[in-house]
Each structure stands twice: as structure tokens, then as C-alpha cells.
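Could you have a look at this structure, given as C-alpha cells, before my questions?
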There are 2 protein chains.
Amino acid sequence: MKKTVFVFSALIIALLLLFKLSRYAYLSGDLSIEIVIGVIAIVFFVVGIYINKKSLQKEKNHFIDHKKIEELGISKREYEVLVQISKGFSNKEIADTLFLSESTIKTHVSNLLVKLDSKRRTQAIEKAKNLQILPI
Amino acid sequence: MKKTVFVFSALIIALLLLFKLSRYAYLSGDLSIEIVIGVIAIVFFVVGIYINKKSLQKEKNHFIDHKKIEELGISKREYEVLVQISKGFSNKEIADTLFLSESTIKTHVSNLLVKLDSKRRTQAIEKAKNLQILPI
DNA sequence: TCAGTACTCATACTAAAGTACCAAAAACAC
DNA sequence: GTGTTTTTGGTACTTTAGTATGAGTACTGA
């Protein structure tokens, strides 16, 4: 969050500087009006694309709602299991990668199904993605 | 595709007009350099955001790769079943909504698993989303 | 019309997934 | 340090999921 504020502040300052600079450059007769307008247009065009890309990244994709996870009472281990499930692994495979027994995974999955109000792991995946607690 | 070309052509023409207009407005003394530059900056900023949003929509989201579906030899019915699976329904539930027997669904699912090179339905969902044959 | 493909369904089976209940370490908060 | 939650694991069971095989029907292109 601090980083975002910093980047935006720097951006605004840079744009204001550009603004002033272009005005000076034009008034002092170094540049024609076409070039000044062209440069301004290109710069703001690129800035628009950049800002939009950043905001979309946070909104749509990789943003995970940690509050929601807490609200639902999903523990760390349970969440780890949920992630593995969403990648299409079986209970046995998850047990092996997390160095646990299959029984443990079954317990975690069962708890997850209750907490996500689902009857099947596929349904749990769907719900989790809709609730933005899993990357879409 | 035709629509895209049209929109872009109109956009470019509008921007060129704006460009010329701003130059004329300034030279004729109606507007100050600050206002001209400001308007140009805002317009190009908005255009940048708009174009970026459009391109990202097509790239990342709701675009379904029908070619890929055909390549994999997935039939219409099979694809319908795949969609239902990805929504978290059981074979029985899918059978009921499509007015088929559970046996038929099992056959379709089995074929899907072969065609998507998967061992489980959850894995099939993952692969299908990566291949962009299911909405992400 | 005939071959090929897609679609449907059944049986019989194996393999996962999921439930219910219990219980003991381990981590954590107060 | 005591109570609470988390994590781990087990047994025994039911329910889904998935495989293998066969077979009839419907549609489609040559």
C-alpha cells in the first residue's frame, strides 16, 4: 500500500514537471506546438495504459480475499489443502506433497466442505473462486 | 473483427481532428496553451485506459478457444458435460439437468478425461481452464 | 445406402471421495 | 500453566467417481 502511494505521488509530480516543461519549451520557442501536443498525448496515453493494467491486476486476478478466509474460519493447513484440490490433485497426492497421511487430508477436506457449504470438492473450488479466496 | 477495425479507424480520425482543432484553437488565440495541453492529456489518458481494457477483455477473460475444443475432439455433448462439471455438479445432478441417465454422463466424463489427459474431474477442470476452453 | 461418428444406456467392477466419530500431540492465547 | 484451537491420524462405513465392455439408435457425408 505504501508502495502504491509512492508510485502515484512520483507519477503525479513527473507529469506536472512535464506539463511545466512543455509549456516553457514551447514559450521559449524551442519546440513547435505540434511536437509539444504530440509528446503530451503519447505520455498520457502510456500512463493511462499502465495505470489501468495495474488496477485490473489487483481487481480481477491474483487478489485473494484474506478477510473472507478468516471469516469462513478456514485455517492455514485447510487453505493449503484447498489450493492443492483446486489444482486437481487427489487426496493421496496432496498427502504426499504435504508429507501427511491421507486420513488427515480427508479430515481437512471434510472441514473445508462444511465451511464452504459444499457437497463435493468441485463445488468447493467453484465457491472458493467466486469468493475470491482462490486465484481465478 | 470488422467492428474492431471500424472503432479504431473512427478513434484515430477523432484524435487527429482533436489534434488539428487544438492547434487551430490555440493559434487563433481562443485558448491558452495550458488548457490545450490539459485537454489533450486527459483525452489521451482516457483513450489509453479504454483501449487497454478492451484488449485485456479479449486476452484474458471470457474468450473460449473453440479451435482447441475441436482439436481435442471434444463433442458438443461432452462439452456441455464439461461445463456442468466445472460448476461443481455431480454426475447424477448433471444427468438430471440434461435429462440423461447417469451412465451416459459417466461415459462422457470418461471420454473427457482421456481427451483432456486427466485422471480426475478436478484435473480436467484445471486443464480446460488453462487451455481456455472453459471460462476462467 | 452404407460407413463412420456421436449419443445413449446398461452391467459389473475398482478406486477414490466423503462421513462420522474418536483421540492425542502441538501450537497458541490469556 | 491451563484452556482452546489446530493439526494430525485412525477405523469403519457409505457414496461418488471412474473403467471396461458391449450394444442399440440417430445423424451425416460420400
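Just so it is clear: chains get the letters A, B, ... in the order the sequence lines come, proteins before strands, and each one is counted from 1. These numbers were taken from a predicted model, which means no experiment stands behind them. Heavy atoms only: backbone and side chains are in, while hydrogens, waters and symmetry mates are out.
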Exercise. Once you round it to whole Å, what is the distance between P of C:dC7 and CZ of B:Phe99?
Worked result: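 Atom CZ in B:Phe99 sits about 18 Å away from atom P in C:dC7.
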For this session: Calculate the interatomic distance between B:His108 atom NE2 and C:dT5 atom C1'; express it in whole Å.
Result: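 Those two atoms, NE2 and C1', are 13 Å apart.
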Problem set entry | Partner set under side-chain hydrogen bond (donor to acceptor under 3.5 Å, both in side chains) for A:Ser101, not counting sequence neighbours |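 For A:Ser101, the residues satisfying side-chain hydrogen bond (donor to acceptor under 3.5 Å, both in side chains) (neighbours in sequence not counted) are A:Thr104.
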Problem set entry | Atom pair CG (B:Leu100) and OG1 (B:Thr107), whose distance is rounded to the nearest 0.5 Å |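 The distance works out to 10.0 Å.
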For this session: Specify the separation, in whole Å, of atom CD of B:Glu70 and atom P of C:dT5.
Result: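 Result: 15 Å.
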For this session: Could you identify which residues cluster with B:Ile13, counting Ile, Leu, Val, Met, Phe, Trp and Tyr as linked when any side-chain heavy atoms lie under 4.5 Å apart, either directly or through a chain of such contacts?
Result: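 Hydrophobic cluster check, B:Ile13: joined to B:Leu17.
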Exercise. Taking the hydrophobic residues Ile, Leu, Val, Met, Phe, Trp and Tyr, and joining any pair whose side-chain heavy atoms are under 4.5 Å apart, which ones share a cluster with B:Phe99?
Worked result: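 Answer for B:Phe99: none, a lone residue.
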Exercise. Can you give the first and last nucleotides of DNA chain D, 5' to 3', that have an atom under 4.0 Å from a heavy atom of chain B?
Worked result: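 Contacts span D:dA17 to D:dT19, reading 5' to 3'.
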Exercise. Salt-bridged, B:Lys87 to B:Glu93, with N to O below 4.0 Å?
Worked result: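 Salt bridge between B:Lys87 and B:Glu93, a charged N being under 4.0 Å from a carboxylate O: no.
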Problem set entry | Nearest-0.5 Å distance, CG of residue B:Asp65 to CD of residue B:Glu70 |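 Answer for the CG-CD pair, B:Asp65 versus B:Glu70, is 10.5 Å.
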In residues 71-85 of chain A, what donor-acceptor pairs under 3.5 Å come from side-chain atoms, sequence neighbours left out?
| residue | atom | partner | partner atom | Å |
| --- | --- | --- | --- | --- |
| A:Ser75 | OG | A:Glu78 | N | 3.4 |
| A:Ser75 | OG | A:Glu78 | OE1 | 3.4 |
| A:Arg77 | NH1 | A:Glu80 | OE1 | 3.4 |
| A:Arg77 | NH1 | A:Glu80 | OE2 | 3.0 |
| A:Glu78 | OE1 | A:Ser75 | N | 3.0 |
| A:Glu78 | OE1 | A:Lys115 | NZ | 2.7 |
| A:Glu78 | OE2 | A:Lys115 | NZ | 3.1 |
| A:Tyr79 | OH | A:Ile133 | O | 2.7 |

Problem set entry | Gap separating the CG atom of A:Leu98 from the CZ atom of A:Phe89, nearest 0.5 angstrom |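 Here the interatomic distance stands at 10.0 Å.
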Problem set entry | Nearest heavy atoms of A:Leu134 and A:Ser86, plus distance in Å |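 Reported closest heavy-atom pair: CD1-CB, 3.6 Å.
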Give every donor-acceptor pair under 3.5 Å between a side-chain atom in residues 122-131 of chain A and any protein atom, sequence neighbours left out.
| residue | atom | partner | partner atom | Å |
| --- | --- | --- | --- | --- |
| A:Gln123 | OE1 | A:Lys119 | N | 3.1 |
| A:Lys127 | NZ | A:Asp117 | O | 3.3 |

For this session: Could you check whether A:Thr104 gets within reach of a base, just the sugar-phosphate, or nothing at all, counting any heavy atom under 4.0 Å?
Result: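 Answer is base: heavy atoms of A:Thr104 come under 4.0 Å of a base.
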Problem set entry | Terminal axes of the helix from C:dT1-D:dA30 to C:dC30-D:dG1 (five pairs each): angle between them, nearest 10 degrees |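 Roughly 60°, once rounded to the nearest ten degrees.
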For this session: Encode nucleotides 15-30 of chain C as B, S and - characters from 5' to 3', where the letter depends on protein heavy atoms closer than 4.0 Å: B to the base, S only to sugar-phosphate, - to neither.
Result: --BBB-----------
For this session: Under the salt bridge (charged side-chain N to carboxylate O under 4.0 Å, His left out) rule, collect the residues that match up with A:Lys92, sequence neighbours excluded.
Result: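 A:Lys92 satisfies salt bridge (charged side-chain N to carboxylate O under 4.0 Å, His left out) with A:Asp96 only.
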For this session: Starting at atom CD1 of B:Ile74, determine the distance to atom C1' of C:dT5, rounded to an integer number of angstrom.
Result: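 To the nearest whole Å, that distance equals 16 Å.
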